[in-house]
Student: 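What follows is a single structure, and I will ask about it in a moment.
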Amino acid sequence: MRRDRRAASLGAFVALAVSLEAAPAAAADLAGCRRAYEEQRYELAADLCADVAGDPAATRTAAATGWEVAGMAHLVLGHVPMARAAFCQALTVDPRHRPSDPIYPPRFVAVFEGVRQAGCIPPVRLDPEPLPRGGVLAGVRVRLIGGAPGGGRVVVWYRHPGEARWRHAAAPVQAGATSVELPGLNLRERELEYYVTLLGERARALARAGTPDHPRRVLLFGVTPGDGAGGVPGGAPPIWRRGWVWWVVGGVVLTTVVVSVAASRGGETPRGSLGTLPLP
């Protein structure tokens with residue numbers, strides 16, 4: 001029995017690894033999702049659109065639109081709570097998202113806007129931060145806010161700016177915060193782009209922080225927890241953090257003090273002298 005459990009665990013791990021490898025290469029079938037809704041196959045549309053929105057490789061627009069169409073399909077089916085949850089997911093991905101398809105009835109659009117105005121809170125949110133080791137980025141620590149699904153995995157997708165391919169590293173969801181180590185970082189680079197997904201069953205993203213087209217950025221060196229949560233500027237560090245600036249400032253201050261002292265003593269008579277006597 002112990003051998004069967006090990007075999008099952010190994011099989012599940014291999015299946016997850018294969019799904020992770022295939023996820024970035026899979027193109028989200030947003031057109032098929034929309035077509036199912038237009039053809040009034042609403043149950044299929046809700047399922048297809050949830051797959052589109054849950055694709056880890058989905059862009060911000062694709063994910064938000066997938067949740068939007070899934071929510072509209074649920075409204076047709078009378079599943080109002082599920083529709084509101086889908087709209088909330090769409091607004092979590094992109095708070096500025098608006099339904100624009102004229103096929104939607106105005107009352108459906110009003111439900112979407114009602115969710116926006118109510119300020120919904122998704123069931124699960126991800127709060128990632130850099131995981132430094134010795135001043136160098138070693139990974140990402142992700143805190144889950146809300147209910148963590150059983151058997152879920154936190155996946156960090158990362159690459160150096162300019163690279164075409166996203167790499168990934170995953171870890172099982174832990175209580176409190178999940179730490180994900182990022183192997184193979186090129187320390188000759190200065191920055192790293194990354195986004196995070198929480199995968200449930202069928203390798204569907206239940207929550208995300210960032211998207212491939214809107215990733216977060218973090219510096220590789222001198223990182224502290226909290227840096228990069230909203231994106232670290234890609235330019236040089238602030239001028240007041242550079243050592244040579246303080247040397248220049250110190251030199252200027254010292255020179256100013258010396259010149260001021262010399263000027264203040266310029267009119268005094270040196271000790272042991274009678275000073276200057278005017279001649280007739």
Side-chain angles (χ1 to χ4, degrees), residues 5-33 36 43-71 73-74 82 85-86 88-90 92-94 122-128 139-140 142-159 164-174 177-184 193-216:
R5 288 181 179 177
R6 290 180 179 176
S9 300
L10 179 61
F13 177 79
V14 171
L16 176 63
V18 171
S19 65
L20 288 178
E21 288 292 344
D29 190 12
L30 189 58
C33 151
E43 292 185 359
L44 177 62
D47 194 47
L48 285 179
C49 296
D51 284 340
V52 169
D55 185 348
T59 63
R60 178 186 290 184
T61 300
T65 304
W67 285 122
E68 168 205 310
V69 182
H74 282 304
M82 297 179 68
C88 184
Q89 291 279 19
T92 303
V93 176
D94 184 4
V124 184
R125 288 172 291 163
L126 302 181
D127 183 18
V140 175
V142 182
R143 188 166 59 99
L144 270 66
I145 304 172
R153 295 181 69 83
V154 174
V155 184
V156 179
W157 310 85
Y158 63 100
R159 69 182 180 185
R165 179 176 170 269
W166 288 95
R167 289 172 283 172
H168 69 270
V173 172
Q174 302 291 336
T178 302
S179 296
V180 183
E181 301 281 340
L182 303 182
E193 297 178 336
Y194 75 96
Y195 68 98
V196 186
T197 56
L198 171 64
L199 298 188
E201 57 185 43
R202 296 171 58 183
R204 180 185 288 179
L206 305 178
R208 66 181 76 227
T211 54
D213 55 332
H214 289 82
R216 298 178 175 224

Student: Residues two or more places apart in sequence or in another chain: which of them pass side-chain hydrogen bond (donor to acceptor under 3.5 Å, both in side chains) with Gln89?
Tutor: none

Student: What distance do His168 atom NE2 and Arg159 atom CZ have between them, rounded to the nearest 0.5 Å?
Tutor: 15.0 Å

Student: If you take all heavy atoms of Val142 and Val154, which pair is closest and at what distance?
Tutor: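 For Val142 versus Val154, the nearest heavy atoms are CG2-CG1, 3.8 Å.
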
Student: So, using salt bridge (charged side-chain N to carboxylate O under 4.0 Å, His left out) as the criterion, who are the partners of Arg143 when residues are at least two apart?
Tutor: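 Listed in chain order: Asp127.
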
Student: Return the minimal non-hydrogen interatomic distance between Arg216 and Gly210, and the atom names on each side.
Tutor: NE-N, 4.4 Å

Student: Could you check if a side-chain atom of Val196 sits within less than 4.5 angstrom of a side-chain atom of Val155, using non-hydrogen atoms only?
Tutor: no

Student: How far does CD of Glu193 sit from NE2 of His214, to the nearest 0.5 angstrom?
Tutor: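 The distance works out to 12.0 Å.
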
Student: Could you check whether any side-chain heavy atom of Trp166 comes within less than 4.5 Å of a side-chain heavy atom of Pro215, counting everything from C-beta outward?
Tutor: yes

Student: For the pair Trp157 and Tyr195, name the ring-plane relationship: parallel under 30°, tilted 30 to 60°, perpendicular over 60°.
Tutor: parallel

Student: If we only count heavy atoms from C-beta on, is the Leu206 to Leu199 side-chain gap below 4.5 Å?
Tutor: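 Of all side-chain heavy-atom pairs linking Leu199 with Leu206, none is under 4.5 Å.
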
Student: Looking at residues at least two apart in the chain, or sitting in another chain, which of them share a side-chain contact (heavy atoms from CB on, under 4.5 Å) with Ala50?
Tutor: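 side-chain contact (heavy atoms from CB on, under 4.5 Å) check on Ala50 returns Trp67, Arg204.
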
Student: Quick one: closest heavy-atom pair of Pro212 and Ala58, and the distance?
Tutor: CD-O, 3.2 Å

Student: What are the two closest heavy atoms between Leu48 and Ala36, and how far apart are they?
Tutor: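 Shortest heavy-atom contact: CD1-CB, 4.3 Å.
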
Student: Restricting to side-chain contact (heavy atoms from CB on, under 4.5 Å), what partner residues turn up for Ala171, sequence neighbours left out?
Tutor: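 Partners of Ala171 under the side-chain contact (heavy atoms from CB on, under 4.5 Å) test: Thr178, Val180.
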
Student: Looking only at heavy atoms, which two atoms of Ala70 and Ala86 are closest? And how far apart?
Tutor: C-CB, 4.5 Å

Student: For Glu181, check side-chain contact (heavy atoms from CB on, under 4.5 Å) against everything at least two apart and list the hits.
Tutor: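 side-chain contact (heavy atoms from CB on, under 4.5 Å) list for Glu181, sorted by chain: Leu131, Arg133, Ala138.
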
Student: Mind listing the closest non-hydrogen atom pair of Ala90 and Ala64 along with its distance?
Tutor: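 The answer is CB-O, 3.5 Å.
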
Student: Would you mind reporting whether Thr61 and Asp94 have side-chain heavy atoms less than 4.5 Å apart?
Tutor: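 Sidechains of Thr61 and Asp94: no contact.
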
Student: Only counting residues at least two apart or in another chain, list the ones meeting side-chain hydrogen bond (donor to acceptor under 3.5 Å, both in side chains) with Thr211.
Tutor: Asp213

Student: Please check this pair: side chain of Arg167 against backbone of Gly184, looking for a donor-acceptor N/O pair closer than 3.5 Å.
Tutor: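 Yes, Arg167 side chain to Gly184 backbone: donor-acceptor pair under 3.5 Å.
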
Student: Go through the steps to decide whether Ile145 and Val124 satisfy the test side-chain contact (heavy atoms from CB on, under 4.5 Å), and finish with yes or no.
Tutor: CA-CA 6 Å; Ile145 304 172; Val124 184; over 6 Å; no

